Amino acid sequence: MVVLGARPQFVKAAPVICELASKHSHLILNIVHSGQHYDREMSTIFFRELKIPEPSANLAVGSGSHAAQTSAIMIRLESQLIKFKPDIVLVVGDTNTTLAAALTAVKLQFSVAHLEAGLRSRDMTMPEEVNRILTDHCSQILFAPTRTARSNLRKEGLEKRAYLTGDTNMDALHSVLPVIKKITRTVLQKFNLTPQQYVLVTLHRPSNVDDLKRLRFIQDALDKLANTQPVVFLVHPRTRIQLAKLGSSSRKSSERLILAPPQGYIETLTLLRSASCLLTDSGGMQKESYLLRTPCVTMRTSTEWPETLAAGANRLAPHPENACNLVASIVSDNKLRKRLMHLPNPFGDGRASERIVRIILQNCSKDSS
Ligand code: UD1
């Protein structure tokens with residue numbers, strides 16, 4: 001059983017699901033959608049683009065506080081687990097869906113495998129950090145995407161359960177790269193953009209958008225940045241709701257600062273690949289910008305992807321004005337992108353899902369023997 005529910009989980013799980021479904025059709029695969037994300041652009045479009053089969057159940061938990069969301073997933077998932085009795089429950093990433101699924105499964109004594117184990121930002125104010133640590137410690141199989149992740153698991157005494165597999169985001173990206181190349185011109189035309197002449201922005205962390213005073217600072221800083229280069233801001237639903245609260249002072253989309261709804265996986269990566277710089281607080285996009293050689297500025301105090309910092313492809317800038325100034329200096333640095341072409345690749349060879357499936361199969365046969 002694979003349990004997922006939020007946008008980044010669809011991307012991470014898709015290569016594993018496709019590998020299982022296409023090459024091991026004798027296995028019964030139950031995909032359970034928690035319903036944490038439910039808008040078309042946050043869910044359905046990812047299933048279509050990444051060719052993920054229809055879930056066998058949708059728990060439809062929707063939005064809510066951490067306790068409400070996590071507990072609703074637990075209660076609704078329990079009956080699915082009892083009904084299907086899976087050999088292994090695969091949980092993905094670090095969202096509330098991840099922790100809820102791991103806890104429910106382990107308490108019913110099902111084997112839990114954690115995809116993207118061992119990440120640490122060392123910031124316990126992030127809900128994701130709490131989810132990661134607790135999920136790792138109650139899972140039996142840990143799929144570490146990088147050496148750093150495996151080493152984090154070792155430091156916490158979890159090395160016996162850990163496998164270094166590579167990162168499935170890399171597999172997912174490989175699978176869509178030819179399409180991205182084909183549609184680049186059309187996507188850029190849609191937004192009236194020139195390659196390498198615009199900044200892509202995504203911000204959705206509570207630490208950035210939930211405090212309206214800070215959100216206003218961010219808005220002002222983005223306005224200033226838009227004087228340097230056009231800015232395309234893909235606005236997450238959480239951010240959209242918060243921006244609306246700023247009322248009449250909230251800016252409308254303009255030619256230089258384009259506010260657009262979240263795009264699907266392929267269009268987002270297309271915009272990222274041709275951007276001069278990414279300004280983000282997303283974990284996944286820091287990594288995707290690294291893989292696509294687009295410089296990144298992360299508006300946070302920490303990251304769970306230290307490899308991107310060590311290679312000089314990503315810079316942390318928690319303060320909105322500093323972050324936007326840094327982006328402005330990066331877009332005028334013509335040599336940076338060339339330097340990024342020679343980055344090492346700590347995220348594997350694009351075949352992580354093959355390894356993960358092999359380990360899953362070994363463990364399934366262990367359980368049934
Ligand atoms: C969640 C994850 C975060 C991940 C992010 C990716 C947790 C704790 N957080 O954050 O790790 O980076 O997903 O997007 O699990 N909303 C909609 N439509 C939707 C989904 C959400 O309008 O389809 C709105 C709701 O108002 C909701 C808010 O967005 O309250 C936040 O959604 P939620 O799933 O609670 O957290 P995210 O910020 O999306």
Side-chain angles (χ1 to χ4, degrees), residues 3-14 33-48 50 55 58-74 76-77 91-104 114-117 119-121 123-136 169 172 201-212 214-215 233-245 260-265 268-269 272 278 280-289 298-300 302-305:
V3 188
L4 27 70
R7 185 170 63 169
Q9 295 176 303
F10 309 138
V11 180
K12 289 167 199 168
H33 191 320
S34 70
Q36 178 171 348
H37 286 171
Y38 42 85
D39 288 347
R40 183 188 158 274
E41 69 257 28
M42 298 294 285
S43 176
T44 325
I45 190 167
F46 288 80
F47 276 72
R48 204 190 60 223
L50 291 157
N58 189 322
L59 309 180
V61 293
S63 303
S65 68
H66 287 282
Q69 201 171 50
T70 310
S71 58
I73 298 169
M74 289 185 73
R76 295 181 199 186
L77 181 64
V91 303
V92 186
D94 55 16
T95 71
N96 287 345
T97 297
T98 319
L99 177 62
L103 275 180
T104 315
H114 184 201
L115 175 62
E116 199 177 77
L119 300 196
R120 298 291 181 263
S121 67
D123 176 1
M124 286 296 271
T125 65
M126 283 181 78
E128 293 80 6
E129 184 72 354
V130 178
N131 293 341
R132 285 177 202 127
I133 295 174
L134 296 179
T135 301
D136 282 343
N169 270 106
V201 178
T202 79
L203 296 166
H204 74 281
R205 295 263 160 230
S207 59
N208 277 325
V209 306
D210 280 8
D211 173 0
L212 291 183
R214 182 172 172 91
L215 188 58
F233 186 1
L234 303 181
V235 185
H236 183 284
R238 175 191 282 278
T239 313
R240 184 190 66 223
I241 291 162
Q242 291 301 100
L243 282 173
K245 288 185 193 160
Q263 303 292 301
Y265 179 60
T268 302
L269 289 189
L272 176 57
L278 170 70
T280 193
D281 58 12
S282 149
M285 286 195 70
Q286 291 172 54
K287 190 171 50 185
E288 284 158 349
S289 70
T298 300
M299 203 189 282
R300 279 171 47 185
S302 64
T303 177
E304 56 281 14
W305 298 107

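Note that the structure is a prediction, hence the values are computed from the model and not measured. Atoms within a ligand are numbered from 1 in the order they appear, just like the ligands themselves. Note: hydrogens, waters and symmetry copies are ignored here, and every other heavy atom, side chains too, is used.
Pro237 approaches Met42 most closely through the heavy-atom pair CD-SD, 3.6 Å. When every heavy atom of Leu272 is checked against every heavy atom of Ser289, the shortest pair comes out as CD2-N, 3.7 Å. Listed here is the closest heavy atom pair of Met74 and Ala100: CG-O, 3.6 Å. The minimum heavy-atom distance linking Asn208 with Met299 is given by the pair ND2-O, 2.9 Å. Nearest approach of His114 to Arg132, heavy atoms of both residues: CE1-O, 4.4 Å.
For ligand 1, the atoms closer than 4.0 angstrom to any heavy atom of His66 are 8 (C). Every atom of ligand 1 with a heavy atom of Met42 under 4.0 Å away is listed here by number and element: 14 (O), 23 (O). Near Arg205, with a cut-off below 4.0 Å to any heavy atom, the atoms of ligand 1 are 11 (O), 12 (O).
Scanning the protein heavy atoms around atom 32 (O) of ligand 1, the nearest turns out to be His37 NE2, 4.3 Å. With respect to atom 24 (C) of ligand 1, the closest heavy atom belonging to the protein is Pro237 CB, 3.6 Å. With hydrogens left out, the protein atom closest to atom 5 (C) of ligand 1 is His204 NE2, 3.6 Å, a heavy atom. Shortest contact from atom 18 (N) of ligand 1 to any protein heavy atom: Asp39 OD2, 2.9 Å. Residue, atom and distance of the protein heavy atom nearest to atom 27 (C) of ligand 1 are Ser63 OG, 3.1 Å. Nearest to atom 36 (O) of ligand 1 among the protein's heavy atoms is Arg238 NH2, 3.6 Å. Closest to atom 35 (O) of ligand 1 among all protein heavy atoms lies Gln69 NE2, 3.7 Å. Distance from atom 6 (C) of ligand 1 to its nearest protein heavy atom, with residue and atom name: Pro8 CD, 3.5 Å.
With distances taken over non-hydrogen atoms, the option nearest atom 7 (C) of ligand 1 out of Gln36, Arg132, Glu41, Met285 is Gln36.
Under 4.0 Å from ligand 1, the heavy atoms of Ile241 that appear belong solely to its side chain. Within the 4.0 Å heavy-atom criterion, the part of Glu128 lying near ligand 1 is the side chain and not the backbone. By the criterion of a heavy-atom distance under 4.0 Å, neither the backbone nor the side chain of Ser43 is placed next to ligand 1.
Side-chain contact of Thr95 with Gln9: a donor-acceptor pair under 3.5 Å is present, judged by distance alone. A donor atom on one side chain and an acceptor atom on the other are not found under 3.5 Å apart for Asn131 and Asp94.
Ring orientation note: the planes of Tyr265 and Phe46 are tilted relative to one another, at an angle of 30° to 60°.
Between Asn96 and ligand 1, a contact under 3.5 Å exists for at least one N or O pair. Here's the thing with His236: one of its N/O atoms is less than 3.5 angstrom from an N/O atom of ligand 1.
Judged by distance alone, with hydrogens and angles left aside, the side-chain atoms of Glu129 form no donor-acceptor pair with the main-chain N or O of Thr125 at under 3.5 Å.
Between Phe47 and His33, the ring center distance clears the sub-6.0 Å criterion.
Using a 4.5 Å cut-off on side-chain heavy atoms (C-beta onward), Pro262 and Arg7 make contact.
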